[in-house]
Amino acid sequence: MKREFIIAGNWKMNKTVEESIDFVKELDNKIEVNDRVKVLIFPPFTSIYSIRNLSDKIKIGSQNLFYEEKGAYTGEISPLMLKNLVDYVLIGHSERRGIFKELDSDINKKIKTALKYKFNPVLCIGETLEQRKEGETFERIKKQIDEDLKGLKEQEIKSIIIAYEPIWAIGTGETATPAQAQEVHGFIRELLNEKVENPEDIFILYGGSVKPENSFDLLSQKDINGALIGGASLKIDSFSAIIEISCKIAK
Ligand code: PGA
């Protein structure tokens, strides 16, 4: 089976403009990518403009976008401001949901806005530790998929990248086992099968303490089409090692 990957770094609230520029230049020098591996970075907003054209090998995305174009929304970022600067937008990250109280209804509006402005949305979903312990993982995932993608046409759903990130594995050092991750990825693929033809064309990324040591086993799973990486994307050595591993599997 042909394997293609998206390896995405989510920098969260890390790196100044200068640090971002240095990082992208160094990473560009260090990595070799083939046409089956796409490398993506979600830097802070302040760095986007300076790094957007520094490397042909690295695509840039935004960590958020608001569903209105302009107005009295202090601290929000508009699709018009991001247009022509980024190709991808991260939507519904668990930190946005948890800390900033974003609801599935907000996330649905953001996805629709992203599609309207021709961005590629990367939709994050995932269960909490309590939900997993209670055996509610699949129910939670289904609810998020149904509510976040509500009202979208088949073609629109096909242009969305999904990132499955179990919340208990984010920044904790605890990773889902490859089998645990594959089980949920397979389930997401089944859910998508009810909404689109050829759900195998949709990229489903795994996120949650991905590092060089566990990336080979995770990326070797049949329904894992890449990784969304927080902590390990902040260091050149670990991020480039994961990219290298994905290129080997993608060959
Ligand atoms: P982590 O973060 O790799 O540091 O666990 C992943 C994410 O939040 O996207």
Side-chain angles (χ1 to χ4, degrees), residues 5-15 19-20 23 27 37-45 47-48 58-65 77 86 88-102 107 110-111 114 119-129 131-132 137 140-141 144-145 148 160-178 180-182 184-185 188 203-219 221 224-246:
F5 295 111
I6 294 174
I7 303 298
N10 172 16
W11 284 356
K12 310 189 180 186
M13 200 174 71
N14 293 290
K15 295 198 191 293
E19 286 166 347
S20 305
F23 186 100
L27 187 68
V37 174
K38 203 172 273 169
V39 177
L40 242 171
I41 287 178
F42 294 95
F45 298 133
S47 297
I48 290 175
I58 304 163
K59 301 255 177 276
I60 305 296
S62 163
Q63 293 177 18
N64 192 12
L65 110 161
I77 186 83
V86 300
Y88 295 82
V89 289
L90 205 58
I91 295 180
H93 189 277
S94 62
E95 286 148 20
R96 300 295 320 170
R97 293 177 189 259
I99 304 169
F100 301 101
K101 309 291 172 231
E102 281 185 17
I107 289 159
K110 289 180 170 202
I111 294 265
F119 296 113
N120 299 298
V122 180
L123 168 66
C124 303
I125 56 175
E127 81 286 1
T128 62
L129 186 59
Q131 288 161 345
R132 177 157 283 263
T137 299
R140 179 73 194 131
I141 296 293
Q144 288 177 322
I145 289 277
D148 299 349
I160 292 174
I161 298 160
I162 311 255
Y164 167 59
E165 300 201 302
I167 296 169
W168 47 272
I170 295 181
T172 58
E174 192 170 334
T175 324
T177 63
Q180 274 175 326
Q182 167 57 35
V184 180
H185 280 238
I188 295 169
F203 279 78
I204 309 175
L205 318 183
Y206 170 78
S209 299
V210 175
K211 38 191 178 244
E213 301 79 57
N214 58 26
S215 53
F216 182 87
D217 288 343
L218 286 163
L219 294 170
Q221 302 299 311
I224 298 186
N225 313 110
L228 181 57
I229 306 154
S233 75
L234 295 171
K235 298 197 191 82
I236 294 279
D237 284 353
S238 46
F239 196 44
S240 61
I242 298 168
I243 294 166
E244 205 179 310
I245 290 165
S246 71

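Counting starts at 1 for both ligands and their atoms, following the listed order. It should be emphasised that the depicted structure is a prediction, and the values quoted were computed from it without experimental measurement. Only this structure's heavy atoms are used, side chains among them; waters, hydrogens and symmetry mates stay out.
Listed for the Asn214 side chain is a donor-acceptor partner under 3.5 Å among the backbone atoms of Lys211. For the pair Lys15 (side chain) and Leu234 (backbone), a donor-acceptor distance under 3.5 Å is present. Of the possible donor and acceptor atoms, none in the side chain of Glu165 sits under 3.5 Å from a partner among the backbone N and O of Gly126. Asn10 places no side-chain N or O within 3.5 Å of a backbone atom of Gly230 that could act as its donor or acceptor partner. In terms of modelled atom types and a separation under 3.5 Å, the side chain of Trp11 and the main chain of Ser233 share a donor-acceptor contact.
At a 4.0 Å heavy-atom cut-off, ligand 1 touches Asn10 through the side chain alone. With a 4.0 Å cut-off on non-hydrogen atoms, Ala169 touches ligand 1 through its backbone and not its side chain.
Heavy-atom proximity to Gly208, at under 4.0 Å, picks out these atoms of ligand 1: 5 (O). Ligand 1 places these atoms under 4.0 Å from at least one heavy atom of Lys12: 2 (O), 7 (C), 8 (O). Less than 4.0 angstrom separates some heavy atom of His93 from each of these atoms of ligand 1: 7 (C), 8 (O), 9 (O). Annotation for ligand 1: atoms under 4.0 Å from non-hydrogen atoms of Ser209 are 1 (P), 3 (O), 5 (O). Shown in contact with Gly171 at under 4.0 Å from a heavy atom are these atoms of ligand 1, numbered in order with element: 1 (P), 4 (O), 5 (O).
To the nearest 0.5 Å, atom CZ of residue Arg97 and atom CD of residue Gln144 are 4.0 Å apart.
In terms of protein heavy-atom proximity, atom 3 (O) of ligand 1 is nearest to Gly230 N, 2.8 Å. In terms of protein heavy atoms, atom 9 (O) of ligand 1 is closest to Glu165 OE2, 2.7 Å. Nearest protein heavy-atom neighbour of atom 4 (O) of ligand 1: Gly231 N, 2.8 Å.
Below 3.5 Å of separation, one finds no N or O of Thr172 facing any N or O of ligand 1.
Relative orientation of the Tyr206 and His185 rings is tilted, given thresholds of 30° and 60° on the angle between their planes.
Heavy atoms from other residues, nucleotides or ligands lying under 6.0 Å from CD of Glu244 number 12 at most.
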